[in-house]
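Bear in mind the structure is a predicted one, so any value in this text is a computation, not a measurement.
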Amino acid sequence: MTTASPTSVDSPPIPLETDPVGGVLSGRYRALTLGIVSVVLLLAFEATAVNTAMPVAARQLDGLGLYAFAFSGYFTTTLFALVVSGQWCDRRGPLQPLFTGIAVFGAGLVVAGAAPGMWLFVAGRAIQGLGGGLVIVALYVVVGRAYPERLRPAVFAAFSAAWVLPSIVGPVVSGAVTQHLGWRWVFLAVPVLILLPLAVMGPALRRSERDHPVLKGADFDRRRTVLAAMAALGAGLLQYAGRRLDLIGLLPAVAGAALLLPAVLGLLPAGTLRAGRGLPTVILLRGVAAGAFFAAEAFIPLMMVTQRGLSPTLAGLTLTSGGLSWALGSWLQGRPGAERYREAMIRGGFVLTAVAIAGAALVLVPAVPAWVAAVAWAVGGIGMGLTVASVSVLMMKLSAPEDAGANSASLQMSDALGNVLLVGLAGVLFSALGGGSVAAPHEGAEGTGSAGAFAVIFLTMTGVALLGALVSGRVRKA
């Protein structure tokens, strides 16, 4: 869910007076629009497909103890790639980071799909994160450079719409492939699909580069790049220490904290970690919302497979309702007259998210029907749509024009950090409470004891979401 602001580009957008009549699918923009939306579509499909295939992959690789790190590893490297891609785009334009990111993402898919063990699988997911971070920033920079201002909202709306179809068909396709061909093909087939959008988008993107060359190559901000590397390495060390849970693990834990804390302080606006009034709290809440929701979401398919005996397809479909209702929540917060209720929508969104996470945990009770999780996640999707979109709107409102790009980047950084830390925390809790030995109910009685691991994760993330609701009143300036 990370993005980057198109305002970080040095080159000016196309002047309105030279823009031909037409929309994003007019002759001038059609190939470029279809190409970049296709890339987003593939990224979205891969994200939804992974949620479905992951429980089977982790169990077959005997790596349930590393289950969460397959998710947090992706976000950890994305954290670094976001900073590198933004500066690369400013210096050279978006063409190089975009195509490099797509190639790296595809390589990560191949590594994960061919992995003989769980550690190499996690490494493949980390490589995917590098590529994904490069790609998403470059795509947004392309929009800022290639489209006039009046067409950008339509392109961004298409980006959001591109997540709806994968939310519906992704679990079905991924579940069918996992059950009949094997989970590896969920990863190995996607690199082939990348070739089509590249062929469609490539010529149009090169024309855009020729028409709007980078006017001024900005130097890399070495300090910011080093801070991003420190944050990624520190987060990785903390996750490794959480995996060990012994005295030896104290050394990487201390080193990780020593790297991560100053990096976060340098990358985010002053006052973010202490929820300073106004913009710092807005930036903080983005990470809190994303981390709590996605940390819980990562474990729902595994819970449905191991605790309720559902197939991978049905377990993945549990999350479909959240993807659809997220779009509904985003639409509701953008209705006329909603602006006066912005703070209330943020608080209400956090409350709905907390209710959804707690509701999903009810499925751990055998007497509760499995479909309750899907209903709960529909509630959570509405909450996230209200919260995330409202936080983004409020960030722009509180930002001076010259600071909009930097603050947008901080918002995405908070998103990535929230995912890294809270998904990593969920993984530590899962391993510490015996989740690594979980088995499906029909495979052995030893799996039943792991219900407590899931319950603690959901309870923790419910508390984080409620904390977000409590802090949301600080979005108002003093």
Looking only at heavy atoms, the pair that brings A115 and R184 closest together is O-NH1, 2.8 Å

Within a strict 4.5 Å, meaning less than it, do heavy atoms of the W377 and W326 side chains meet? no

Minimum heavy-atom separation for P171 and L317, please, with both atom names. CB-N, 3.6 Å

Would L421 and L425 satisfy side chain to side chain contact (heavy atoms under 4.5 Å, CB included), going step by step from the backbone distance to the final call? CA-CA 6 Å; L421 296 177; L425 173 62; over 6 Å; no

Could you label the plane-to-plane angle of the F299 and F454 rings as parallel, tilted or perpendicular, counting under 30° as parallel and over 60° as perpendicular? perpendicular

What distance do L268 atom CG and L284 atom CG have between them, rounded to the nearest 0.5 Å? 8.5 Å

d(L109 CG, E46 CD) to nearest 0.5 Å is 5.5 Å

Is any side-chain heavy atom of W185 closer than 4.5 Å to a side-chain heavy atom of L188? yes

Please answer whether the main-chain N or O of G236 pairs with a side-chain N or O of T76 as donor and acceptor at a distance below 3.5 Å. no

For L386 and I382, what are the C-alpha separation, side-chain angles and deciding distance, and is it a side chain to side chain contact (heavy atoms under 4.5 Å, CB included)? CA-CA 6 Å; L386 289 171; I382 294 176; 4.2 Å; yes

Flag the pair T48 / T52 as yes when at least one side-chain heavy-atom distance between them is below 4.5 Å, and no otherwise. no

Rounded distance [0.5 Å steps], CG in L259 versus CE in M230: 5.5 Å

Between V173 and F45, the two heavy atoms sitting closest are CG1-CZ, 3.9 Å

Any chance you could measure L120, atom CG, to I127, atom CD1, to the nearest 0.5 Å? 8.0 Å

Relative to each other, are the rings of Y67 and F430 parallel, tilted or perpendicular (30° and 60° limits)? tilted

Looking only at heavy atoms, the pair that brings A68 and G427 closest together is CB-CA, 3.2 Å

So, does T306 use its side chain to make a donor-acceptor pair with the main chain of L302 at under 3.5 Å? yes

Under the criterion side chain to side chain contact (heavy atoms under 4.5 Å, CB included), which of L34, V40, T33, V39 is the partner of V37? T33

Donor-acceptor under 3.5 Å (T77 side chain, Y74 main chain): yes

Spell out, as yes or no, whether a donor-acceptor pair under 3.5 Å connects the side chain of R125 to the backbone of A70. yes

Would you indicate whether the side-chain heavy atoms of F293 and V388 approach each other to under 4.5 Å? no

pair T78-L82: side-chain heavy atoms closer than 4.5 Å: yes

Take L417 and L260 through the test side chain to side chain contact (heavy atoms under 4.5 Å, CB included) and record every step on the way to the result. CA-CA 10 Å; L417 280 168; L260 184 62; 4.2 Å; yes

Heavy-atom side-chain proximity of M303 to I457 below 4.5 angstrom: no

Counting C-beta onward and ignoring hydrogens, is there a side-chain heavy-atom pair between M54 and P301 closer than 4.5 Å? no

Which pair of heavy atoms, one from L422 and one from V288, lies closest together, and at what distance? CD1-O, 4.2 Å

Gap separating the CD atom of E297 from the CZ atom of F71, nearest 0.5 angstrom: 8.5 Å

If you compare all heavy atoms of A289 against all heavy atoms of T387, which two are closest, and at what distance to 0.1 Å? CB-CG2, 4.0 Å

Side chains of V84 and L130: closer than 4.5 Å at any heavy-atom pair? no

Does I283 offer a backbone N or O that forms a donor-acceptor pair with the side chain of S414 under 3.5 Å? yes

Could you tell me whether the side chain of N419 and the main chain of D415 form a donor-acceptor pair under 3.5 Å? yes

From CG (L319) to CD1 (I300), nearest 0.5 Å: 5.5 Å

Of all residues at least two apart in sequence or in a different chain, which pass the ring-ring contact (aromatic ring centres under 6.0 Å, His included) check with F121? W183, F187

